[in-house]
Colleague: 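Okay, here's the structure, questions in a sec.
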Protein chains: 2
Amino acid sequence: MARPRNFEEAEVLEGAVKLFREQGYDNTSVPQLIEKLGICRQSLYKEYGDKRGLYLRALERWGQREIDSKLILLASEGSPFENVLTVVRGWAAYASQCPGGGCMTVTAIVETRDDKEASAIVEKQVDRFERGFLEALGKAKELGEIKPKIRPERLARTLISACYGIGVLNRLEGSAPRIRDTVSLLLEVLHNARQS
Amino acid sequence: MARPRNFEEAEVLEGAVKLFREQGYDNTSVPQLIEKLGICRQSLYKEYGDKRGLYLRALERWGQREIDSKLILLASEGSPFENVLTVVRGWAAYASQCPGGGCMTVTAIVETRDDKEASAIVEKQVDRFERGFLEALGKAKELGEIKPKIRPERLARTLISACYGIGVLNRLEGSAPRIRDTVSLLLEVLHNARQS
DNA sequence: GATGTTTCAGAATGAATGTTCTACAACGAG
DNA sequence: CTCGTTGTAGAACATTCATTCTGAAACATC
C-alpha cells in the first residue's frame, strides 16, 4: 500500500555497528551513515529517532552479539573450567588478530560517560559477561575442578578486568607483548586455581 | 616593551589538562577553554597553534606528571619489591577515590586512535611506566626478593595491563568490586612471586 | 488509470564548531 | 609624550553538524 523501503533493518544496524565501532560516536557523521548504510535521511530519523537513537541500538546489538557468543561458550557442555580457558584464549586471539581495531564496548565506556542510557547498556552487557564467567566457575567449583579455597567471584571479576584491559591496550600500538604476557600470566593463575 | 600577558603558562596548561581529562577532546570547545583558562583566543592560537596543539601539550604534561610520580616511587630507596606493591596499591586507591573520574591517558588511547602524534605521546608514557616497573622488578630479582623463575618482563607487562584495565573500568559505574578484587588477586600473584 | 500512502532524494535550516580578523589597550624605549 | 610592539576583547568567517522540510517516486488499492 506504499512505496517499498529500500533498506534492510539488519543491514543498516550492522553497518552502523561497523562505523561507530571503528570511528566512535562523534567522528561518525549522519551524512556518512547515510552514504554507507544505504538508508535515506528521512527513514533514518523515522526509524531511530535521531543519530543517538541509532547509536544506542547499534551499541546494544554489538554487545548482544559479542557477549552472547561468550555465554554460549561458557555454558556449553563439557568442563566449565575448560570453557573459561577457551573464552579467555579466544578473547586474546581476537585482539591479536585485529590489533588497533576494537571492541565497541571499550569505546563506549570512555565516550559516553555522561550518557546514562548508553552507560546502562554497557553495564548490562559487562554484567552479563561477568555472570557468565561466574556461573561457569561456580559450576567448576561444584564439580571439583578448582580448589575449594578459590573464590569464583573474585576470579570472575578479575577476568572481566583483564578482558577490558586487553581491549584498551589493543588500541595502543606496540602492546602485543603486553597482551600476550598478560594472558599467559592469567592462564597461569587459572592453572594454579585448578584442582589437580 | 609591550603589553604584559594576562595569563600564566602553567595555569593554562593545568586548566587544559583538567578540562580535556574530564570531558575529552571533542567535547571540550575552544570557547569553553577560553572561558575557564583565563587566556584570550589570540594568545591561545599564538601560543599553541590550535586546539589540537594545546591538547597535545596538555596530554604530555598529564603523562609526565602522572608517570613521574610513579617512577619516583618505584626507584626510591628501600625494597624495590615493596615499591612495586606501593605503586599498585596507590593506583587502585586513586581509582577508588575518584570513581567515574579518570586517567587522561585512557581517554587518549581510545579517542585519538588516528592521531599519530597523540598516540606517540601516549605510547612513550606507557613505555616509561612499564620500564619503571621492569627496573624495580629486575632489581628485586637481583636482590633475591622474588623467586628466580619469575620473569620480570612478564610481570611488568601484566601490571601495565592491569593498571589501564582498572583505568577503563573505573569509568563504569558499579565496577568498584571488580577493581577491588582485581587488585587483591594481583597482589596475591605478587605475593606468590616473592622469595620468602 | 486515479488515489492514497509511504519512501526517497536532496535542498534548506539553524546552531555550533575552530579559526581568523579588526580595533583597542597596556606597556617599554626613544 | 610618542611610537612600536604585544596582548586583549570580541566581532566576523567559513565550515560542519544534526535535523527538518519539500516535492517527486513507487507501490497497493479502488
Side-chain angles (χ1 to χ4, degrees), chain A residues 1-60 107-108 111-118, chain B residues 1-60 107-108 111-118:
Chain A
M1 186 180 170
R3 179 172 181 169
R5 46 176 50 178
N6 210 0
F7 64 93
E8 202 127 4
E9 164 81 28
E11 281 183 27
V12 169
L13 219 48
E14 220 52 55
V17 167
K18 179 172 160 57
L19 283 179
F20 283 131
R21 185 173 72 86
E22 289 175 354
Q23 313 181 339
Y25 180 78
D26 280 327
N27 290 324
T28 302
S29 70
V30 173
Q32 194 180 7
L33 286 165
I34 289 166
E35 187 197 3
K36 308 253 180 183
L37 305 193
I39 186 177
C40 72
R41 264 183 159 70
Q42 194 77 244
S43 302
L44 190 156
Y45 280 92
K46 174 153 195 162
E47 198 71 14
Y48 302 100
D50 55 7
K51 181 187 171 184
R52 181 169 162 272
L54 174 57
Y55 176 77
L56 292 178
R57 292 283 303 276
L59 181 59
E60 186 132 31
T107 315
E111 259 188 340
T112 66
R113 87 190 84 179
D114 296 330
D115 186 326
K116 290 202 169 187
E117 221 164 330
Chain B
M1 186 181 167
R3 180 173 182 170
R5 46 177 49 179
N6 209 359
F7 64 92
E8 202 127 6
E9 164 81 27
E11 280 182 27
V12 169
L13 219 48
E14 219 52 56
V17 166
K18 180 172 159 57
L19 282 178
F20 283 130
R21 185 172 72 86
E22 289 174 354
Q23 312 181 338
Y25 180 78
D26 279 327
N27 289 324
T28 303
S29 70
V30 173
Q32 195 181 6
L33 286 164
I34 289 166
E35 187 197 3
K36 308 254 180 182
L37 305 193
I39 187 176
C40 71
R41 263 184 158 70
Q42 195 76 242
S43 301
L44 190 156
Y45 279 93
K46 173 151 197 167
E47 198 71 15
Y48 302 100
D50 55 5
K51 180 188 172 186
R52 180 169 162 272
L54 174 57
Y55 175 77
L56 292 178
R57 292 282 305 274
L59 181 59
E60 186 132 30
T107 316
E111 257 187 342
T112 67
R113 89 190 82 180
D114 296 329
D115 187 325
K116 289 202 169 187
E117 222 164 329

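By convention in this document, chain letters (A, B, ...) are assigned in the order of the sequence lines, proteins followed by strands, and residues within each chain are numbered from 1.
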Colleague: Please list residues of residues 40-53 of chain B whose heavy atoms come under 4.0 Å from any atom in DNA chain C, ordered by number; otherwise none.
Modeller: R41(B), Q42(B), Y45(B), D50(B), K51(B)

Colleague: To the nearest Å, give me how far apart CG (L54(B)) and P (dT17(C)) are.
Modeller: 16 Å

Colleague: Pick one: which of T28(B), I39(B), V12(B) meets side chain to side chain contact (heavy atoms under 4.5 Å, CB included) with L33(B)?
Modeller: T28(B)

Colleague: Regarding E47(B) and R57(B), does a basic nitrogen lie under 4.0 Å from an acidic carboxylate oxygen?
Modeller: no

Colleague: Can you find a heavy atom in the side chain of L37(A) that is under 4.5 Å from one in the side chain of L13(A)?
Modeller: no

Colleague: Looking at residues 22-35 of chain A, who's got a heavy atom less than 4.0 Å off DNA chain D?
Modeller: T28(A), S29(A), V30(A), P31(A)

Colleague: Could you tell me if the side chain of K18(B) sits less than 4.5 Å from the side chain of K36(B), heavy atoms only?
Modeller: no

Colleague: Please name all residues satisfying side-chain hydrogen bond (donor to acceptor under 3.5 Å, both in side chains) with Y25(A), sequence neighbours left out, ordered by chain then number.
Modeller: none

Colleague: With heavy-atom distances below 4.5 Å as the criterion, would you say the side chains of L59(A) and T112(A) are in contact?
Modeller: no

Colleague: Just how far, in rounded Å, is P of dA9(C) from CZ of R5(A)?
Modeller: 14 Å

Colleague: With heavy-atom distances below 4.5 Å as the criterion, would you say the side chains of T107(A) and F20(A) are in contact?
Modeller: no

Colleague: Around atom CD of E9(B), are there more than 12 heavy atoms from other residues, nucleotides or ligands closer than 6.0 Å?
Modeller: yes

